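Everything on this sheet refers to the single structure shown next.
Remember, predicted model here, so these are calculated numbers, not experimental data. Chain letters run A, B, ... following the sequence lines, proteins first, then strands; residues in each count from 1.
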Number of protein chains: 2
Amino acid sequence: MRHRLKDVAERAGVSVKTVSNVVNGYVHVKPDTRARVEEAIAELKYRPNLSARNLRKGRTGVIALAVPELDIPYFAELARHVVTAAAELGWTVLIDQTGGGREQERVVAGGITEHLIDGLIFSPLALTAEDLAGLDGTPMVLLGERVDRGPADHVGIDNVAAAREITAHLIGLGRRRIAAIGSQRTPEGASARLRLAGYAAALADAGLDFDETLVAPAPAWHRAEGAVAMRSLLSLPVRPDAVFCFNDTLALGALRALHEAGLRVPEDVAVAGFDDIEDGRFSVPTLSTVAPDKERIARLAVELLADRIDGDRTASPRELPAPYRLELRESTQGP
Amino acid sequence: MRHRLKDVAERAGVSVKTVSNVVNGYVHVKPDTRARVEEAIAELKYRPNLSARNLRKGRTGVIALAVPELDIPYFAELARHVVTAAAELGWTVLIDQTGGGREQERVVAGGITEHLIDGLIFSPLALTAEDLAGLDGTPMVLLGERVDRGPADHVGIDNVAAAREITAHLIGLGRRRIAAIGSQRTPEGASARLRLAGYAAALADAGLDFDETLVAPAPAWHRAEGAVAMRSLLSLPVRPDAVFCFNDTLALGALRALHEAGLRVPEDVAVAGFDDIEDGRFSVPTLSTVAPDKERIARLAVELLADRIDGDRTASPRELPAPYRLELRESTQGP
DNA sequence: GTTGCTTTCTACAACGTTGTAAGCAACGTT
DNA sequence: AACGTTGCTTACAACGTTGTAGAAAGCAAC
């Protein structure tokens, strides 16, 4: 029992277009007429058919958010903020998981974009600038690492600066053998490269040597990999006295491994992460970390996208920095 | 530069409908013609307009998943599985956050359902049977607690039995003062009521008294509330020697509070949770919990919904139980 | 060379909506 | 009385797609 404008129009004794005008809040409708129409709408429980509206308007009112994995807390928290920010502007969000592979990301970037959504907020891991260059003009905003010379708008924090600051904090505690967990040699590892660069810069600032053996790789930045990496660092002849993990889940895994090894945090080994996920505020010990302003990132991304959809699509790509701060907790400062 | 069937048709020198037939894999098209059309499609990079297709077909190919909060790990993990299962059946998933309030849930249940989506997988906290009864016939599958006499299909585990089992496990460890965290007196607290019932049943099975003072409330089941509740339990004249938390985030908060109080887990207090979220496998100590088979739940929900969309919408509501198991880890069994 | 069947293709209408242009009152101005 | 202005309403066409009905062409069988 779905009703159409036509049904409402017949019931109210007006034309279809007048009903449409009432539904869309057009001003020049006599109060009397408006009331009759609204009554008919209520009686029939009329709801607009969005497919038809979209077809007519060439807009769907839906934007997509594509992230590598939904159950990585950082992306889940980000998704929450994007949905909230989009709702405030009247957009609905369709969430997509890419899995993080380059091919899958290419499919999402190229495939989803047609006609079902008006724009895309994309947090790619593996996508390169060439992949993006081939796309038609669906408005897109990129999150996370900067895809070099990317053809789309971008919102993100300064990874190098943030990594440098948190590493400097570890150095400021008097630590000298500072390890890093999360390096990636693959082309996907843009974040990893930037954070490693910040780490190296901080060491250089303090006159400390960059020791290759203190840098542990982690292909996917999951908790388990953090634990494995930490164990291998602990098996070195001289163990590190601090670790900078390239994200919080790695750090939580590292904390777990340190606990199993019977070491105290931060007394024996100080641990810092990146992302400020909720878990880190309740872990034992609580986790020092870089806290990107996720709400701000989400809001900027949505606004930038809305702007691109409504406005000039050919304007040159914009680069918006997002703020971050250090959250220093027990894992570096003690109870 | 968007192209339509018409553009392809002109280029290939055939009618619009023939192109449509090729796109839809209709069999009776001469190989020769098909080849010409496909070539034209490739040259123009033609993509179907989904709004138009949906309008014509009355289907959108999109289902919605509505959960209270995306950044609660349990829902994030569930969402991941739903997206995956839906993709295998050719559906796209639109994810919605309700916030968990009854009014918001009512809006989502009633409002989203029209014309943009073909069906809804809904994990309500507060919604009552009456709320659902008023809805028109959009196919819907409910997750989580059973809404009594609900008018929709339902997938979920047996909360009472699961809570009873995990409580029995605590009793089996020799604990006698077993607390519970997460009770809710509001009508929203369907899960809480069921899990509390299972807890009480296990106590009764073992001939233990049900002690009201050992049951701590928590309105939203966040980590912080788990910590607060644990602290208040520790301030009792005789402190508990075990706690059953109604979900894992509460349990993680409780672990944190126990750590701050200098108590050992499980030696002084054993802790059990519910949901088996990823965090619990890496916390210190690792968390014993009830592990619902989330992948199975997601798959069942998607299949049930697809069935409802394609098939008989008036068939009486189905009730599908999902499996679960106990994951016993350090927080009850020690290292 | 008529009949009937199959294969291949086409014209047309419809899905439900909104933009455009235009119509019709009622009103005020000249 | 004629004219413009304003407010309100309507008819029509279009958005891009697919279902229906049927035409055209080829083939086989009499």
Side-chain angles (χ1 to χ4, degrees), chain A residues 1-41 44-62 90 92 113-118 136 138 309-310, chain B residues 1-41 44-62 113-118 136 138:
Chain A
M1 286 301 264
R2 294 281 156 87
H3 296 283
R4 329 190 291 280
L5 282 182
K6 194 173 167 222
D7 302 319
V8 179
E10 278 166 12
R11 186 166 192 114
V14 297
S15 78
V16 170
K17 188 62 216 287
T18 299
V19 181
S20 168
N21 286 339
V22 170
V23 170
N24 291 286
Y26 182 66
V27 269
H28 295 308
V29 179
K30 252 199 297 195
D32 176 35
T33 315
R34 182 183 297 275
R36 278 214 319 287
V37 170
E38 276 168 352
E39 195 179 344
I41 287 176
L44 296 178
K45 293 190 178 169
Y46 165 78
R47 294 291 187 75
N49 180 319
L50 296 185
S51 289
R53 178 177 285 175
N54 297 340
L55 172 59
R56 183 60 241 234
K57 293 201 161 185
R59 290 281 175 80
T60 67
V62 177
T92 303
T113 60
E114 300 281 326
H115 296 300
L116 184 57
I117 59 167
D118 295 337
D136 53 10
T138 305
I309 291 170
D310 292 329
Chain B
M1 286 301 264
R2 293 281 154 88
H3 295 283
R4 331 190 289 286
L5 282 181
K6 195 173 166 223
D7 302 319
V8 179
E10 279 167 10
R11 186 167 193 115
V14 296
S15 78
V16 169
K17 190 62 216 287
T18 299
V19 181
S20 168
N21 286 338
V22 170
V23 170
N24 291 285
Y26 182 67
V27 269
H28 295 308
V29 179
K30 252 198 296 194
D32 176 35
T33 315
R34 182 182 298 275
R36 277 215 319 288
V37 170
E38 277 168 352
E39 194 179 345
I41 288 176
L44 296 179
K45 295 191 178 169
Y46 166 78
R47 295 290 185 76
N49 179 321
L50 296 184
S51 288
R53 178 178 285 174
N54 297 340
L55 172 60
R56 185 61 240 236
K57 294 203 161 184
R59 289 280 176 80
T60 67
V62 177
T113 61
E114 299 280 328
H115 296 299
L116 184 58
I117 58 167
D118 295 336
D136 53 8
T138 305

Q. Should A:T33 be listed as having a side-chain N or O under 4.0 Å from OP1 or OP2 of D:dT9?
A. yes
**Q.** Length of the CG-P vector between B:N54 and C:dT17, whole Å
**A.** 14 Å
Q) To the nearest Å, how far apart are B:R59 CZ and C:dC15 C1'? A) 15 Å
**Q.** Inter-residue atom distance B:N49.CG - B:N54.CG, 0.5 Å rounding
**A.** 8.5 Å
**Q.** Out of C:dC9, C:dT17, C:dT8, whichever nucleotide has its closest atom nearest the side chain of A:P48
**A.** C:dT17
Q) Are B:R53 and B:N24 side-chain neighbours, meaning at least one heavy-atom pair lies under 4.5 Å? A) yes
Q: Could you please name the option among D:dT9, D:dC15, C:dC9 that lies closest to any side-chain atom of B:T18?
A: C:dC9
Q: Let me know the distance between CG of A:N21 and P of D:dA11, rounded to the nearest Å.
A: 13 Å
(Q) Can you see if the side chain of B:N24 gets near the phosphate of D:dT18 - specifically, an N or O under 4.0 Å from OP1 or OP2? (A) yes
Q. Roughly how far, to the nearest 0.5 Å, is the CG atom of B:L5 from the OH atom of B:Y46?
A. 3.5 Å
(Q) Assuming nearest nucleotide by heavy-atom distance, tell me which of B:V27 and A:S20 is located more 5' along DNA chain C. (A) B:V27
Q. Which of these nucleotides, C:dT8, C:dG16, C:dA11, is closest to any side-chain atom of B:Y26?
A. C:dT8
**Q.** B:S15 side chain, from C-beta outward: closest of D:dT18, C:dC9, C:dT10
**A.** C:dT10
Q: Looking only at side-chain atoms of A:A52, point me to the closest of D:dT20, D:dT10, C:dT17.
A: C:dT17
Q. Could you give the NZ-to-P distance, from A:K17 to C:dA21, as a whole number of Å?
A. 12 Å
Q. Of all the nucleotides listed (C:dA11, C:dG16, D:dT17), which has the minimum atom distance to the side chain of B:L55?
A. C:dG16
**Q.** Presence of donor-acceptor pair under 3.5 Å, side chain of A:K6 and base of C:dG16
**A.** no
Q | Minimum-distance nucleotide (side-chain atoms of A:V14 versus D:dT10, D:dT9, C:dT10) | A | D:dT10
Q: Measure the OG1-CD distance between A:T33 and A:E38 for me, rounded to the nearest 0.5 Å.
A: 11.0 Å
Q. According to the Watson-Crick and G-U wobble definitions, with both distances under 3.5 Å, which nucleotide is paired to D:dC8?
A. C:dG23
Q. So which one's nearest nucleotide on DNA chain C is more toward 5', B:K57 or B:V16?
A. B:V16
Q.
Applying the Watson-Crick and G-U wobble criteria at under 3.5 Å, what pairs with D:dC30? Answer none if nothing qualifies.
A. C:dG1
Q.
At 4.0 Å (heavy atoms only), tell me whether B:K30 reaches a base, stays on the sugar-phosphate, or touches nothing.
A. sugar-phosphate
Q: Return the nearest nucleotide to the side chain of A:R56; candidates are D:dT9, D:dG16, C:dT17.
A: C:dT17
Q. Rounding to a whole Å, what distance do you find between A:L50:CG and D:dG16:P?
A. 18 Å
Q) Roughly how many Å is it from CG in A:L5 to P in D:dT9, rounded to a whole number? A) 16 Å
(Q) What's the separation between atom CZ in B:R4 and atom CG in B:L44, rounded to the nearest 0.5 Å? (A) 11.0 Å
Q | Gap between atoms CG and C1', on B:N49 and C:dT17 respectively (whole Å) | A | 14 Å
Q. Over how many whole Å does the gap from A:R53 atom CZ to C:dT17 atom C1' extend?
A. 8 Å
Q: Any chance you could measure B:R36, atom CZ, to B:K30, atom NZ, to the nearest 0.5 Å?
A: 8.5 Å
